[in-house]
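Just so it is clear, the values below take in all heavy atoms, side chains as well, and ignore hydrogens, waters and symmetry mates.
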Amino acid sequence: MQTLPFFNLKMDSFHPIELINFTLFVSLSAAMVVNAESAQLCKPTDHGPVVPTTPLVVFLESIQETALNTFGPIKFDPKLYVDLSLKFDLPITKQAFNNLPRTENGSVLASDLNGFLKKFMNGAEEDLVYVEPIDYVAEPDGFLPKVVHQGVRDWALEVHSLWKTLSRKVSNQVLEHPELHTLLPLKHPVIIPGSRFEEVYYWDSYWVIRGLLASKMYETAKGIVINLIDLVDTYGYVLNGARAYYTNRSQPPLLSSMVIEVYKQTSDTELVKIALPALIKEHNFWNSGIHNVTIEDAHGTAHNLSRYYAMWNQPRPESCTIDKETADKLSTDCEKIQLYRELASTAETGWDFSTRWMKNTSDLTTLSTTTILPVDLNAYILKMELDIAFLANVIGESSHALHFTRASKARKKAMDAVFWNEEKGQWMFINGMCWTRIKIYLPLTSSQYGDFPNGWAPVQHMIVEGLVRSGSEEAGSLAKDIAIRWIRTNYATYKSSKAMHEKYDVSKCGEFGGGGEYVPQTGFGWSNGVVLAFLEEFGWAQDLNPHCQ
């Protein structure tokens, strides 16, 4: 398949592409039919699925709202409060909270709230404790053999050392009393993204693993994969992150890619045997129920494709106060419920948030993620099908191999029929309440997290790998150019800030990104992984200047 061009490949030229006129008809399952008339009506209830939350999460949301009223919005991070854990059982803690003295307007004094938090709550950082990775060495044998520039090599070793900084294991407190924590118990050590993100995240883990493999840390990478497999065994899918409040949504499905990458380096067939049932279960999650869409192409042929659709229609607990503020712009409860569904579904995409999912690029309340068929999601699932077929063959499961080979061919046919535009030479995704429009979205300049000028390590890596795998000499040259520029901006920013960052400003070499609903984070798992993967692929010549040009 060709590289998925949601964006021009030059980082300095992002432009929207005009609407392409195609007419398609989509039929959803009976409970989910969307048509022009019903789309205009505001119904009092949302009939989509909802995964119940826990009493602990509900209680922590109330602390979050109280904290906002008490401490004010300046530098307020709502996630902090739903990551707290309890020192005592929930009924005791809840009673103590309810007994806090209130002022006439119902607020709590800062001194009283601080006293309550100190006496009854533990910080999120106590849920995970530092652990030395069992396979970490300061300079692994065979580490980045193509990097000959000494300055870049020294920096790469510093990035490599960050795996130690980000290595954690779940504390005994969580394992012994999981009911007191929103962190989910995991068996094996983890690599966290960094800063406010003190838990495992799904699609982040793919690029973390790519970096760990470049660092020859095979056991750590394998442990992360097994943790995610355990989540599938428990919930039926990999969660957005390893927190109780993330059980209502997933993230881009890259687990099979993680298994493939680890297998390529280790030939570990036991891992494949453990992984295969979980991968089949995850595939079913993305290809049934609310995620599955049946669509007829212009020739009347029906195809099955997948969409993002969170099983949630309330404010996201980790951003409860922010989501309520956003929804306050809407006039009816049913509009707010639908917005909450869209906010959670956009979080499931990993692009939370981008104008890509918005009808009005300046209004977050116009998110319409659930009415979009994304080509990238279906490309991930196509790769999942190919991966499962390959892994099934590895362990002699020929019937599974045949089934998923056929499934991959059907999805490829569907993608060619529905998403590919021959005239433009581009893959499009379908957008619209009536499913009658095809549009390609390119990230626009905005204050949203996923938009220009923010550059993201995963997107850079996907573009570069797609170009390399095309086999074209010209594409390979462009891939190397993109990788070099990305490494340079990471290198320069690290030298000035002494940190790796979650995102970078691609319009200014050597600066990290901004925007979104929280301050820029450091650490940072996927950025570390992509830099190491790029240096392993392309190296760095002695005469190549690593500084911004």
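Residues that satisfy the side chain to side chain donor-acceptor pair (under 3.5 Å) test with Y308, not counting sequence neighbours, are absent from this structure. Listed by chain and residue number, L86, D89, H177 satisfy the side chain to side chain contact (heavy atoms under 4.5 Å, CB included) test with L180 (two or more places apart in sequence, or in another chain). Remark: H188 pairs with I226, N227 by the side chain to side chain contact (heavy atoms under 4.5 Å, CB included) rule, at least two apart or across chains. Looking at residues two or more places apart in sequence or on another chain, you find no salt bridge (charged side-chain N to carboxylate O under 4.0 Å, His left out) involving E61. In this structure, the salt bridge (charged side-chain N to carboxylate O under 4.0 Å, His left out) partners of E65, at least two apart in sequence or on a different chain, are K324. With sequence neighbours excluded, the residues forming a ring-ring contact (aromatic ring centres under 6.0 Å, His included) with Y237 are F285, listed by chain and number. Residues that satisfy the side chain to side chain contact (heavy atoms under 4.5 Å, CB included) test with N98, not counting sequence neighbours, are K94. Partners of Q173 according to the side chain to side chain contact (heavy atoms under 4.5 Å, CB included) rule, which considers only residues two or more places apart in sequence or in another chain, are N122, S171, H181. Annotation: ring-ring contact (aromatic ring centres under 6.0 Å, His included) contacts of F404 (sequence neighbours excluded): H283.
Residues in residues 274-283 take part in no salt bridge (charged side-chain N to carboxylate O under 4.0 Å, His left out) pair, two or more places apart or across chains. Screening residues 233-244 for salt bridge (charged side-chain N to carboxylate O under 4.0 Å, His left out) gives D83-R243, D127-R243, E199-R243 as the qualifying pairs, with residues at least two apart or on separate chains. Every pair passing side-chain hydrogen bond (donor to acceptor under 3.5 Å, both in side chains) that includes a residue from residues 246-259 is listed here, sequence neighbours excluded: Y201-Y246, N240-R249, R249-E318, S256-D387, S257-K383.
The CG atom of L330 sits 10.0 Å away from atom OG1 of T366, with the distance rounded to the nearest 0.5 Å. Rounding to the nearest 0.5 angstrom, the gap separating the NE2 atom in H291 from the CD atom in E348 is 4.0 Å. Rounding to the nearest 0.5 Å gives a distance of 11.5 Å between CG of D77 and CG of L68.
Side chain to side chain, T346 and T369 meet the donor-acceptor criterion of an N or O pair below 3.5 Å.
Side chain of Q314 to main chain of I337: no donor-acceptor pair is present (N/O by atom type, distance under 3.5 Å, no hydrogens or angles).
F419 and I430 get closest at one heavy-atom pair: CE2-N, 4.2 Å. L56 and L90 make their closest contact through N-CD2, 3.9 Å (heavy atoms, listed as atom of the first residue, atom of the second, distance).
The aromatic ring centres of W351 and W456 sit 6.0 Å or more apart.
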Check: Does the salt bridge (Lys or Arg N to Asp or Glu O under 4.0 Å) test come out yes or no for R168 and E125, once each step is laid out?
Finding: CA-CA 10 Å; R168 302 286 190 278; E125 68 280 357; over 6 Å; no
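The side-chain heavy atoms of R307 and I372, taken from C-beta on, include no pair separated by under 4.5 Å.
Relative ring orientation between F116 and F59 is described as perpendicular, the plane-to-plane angle rising above 60° on a 0-90° scale split at 30° and 60°.
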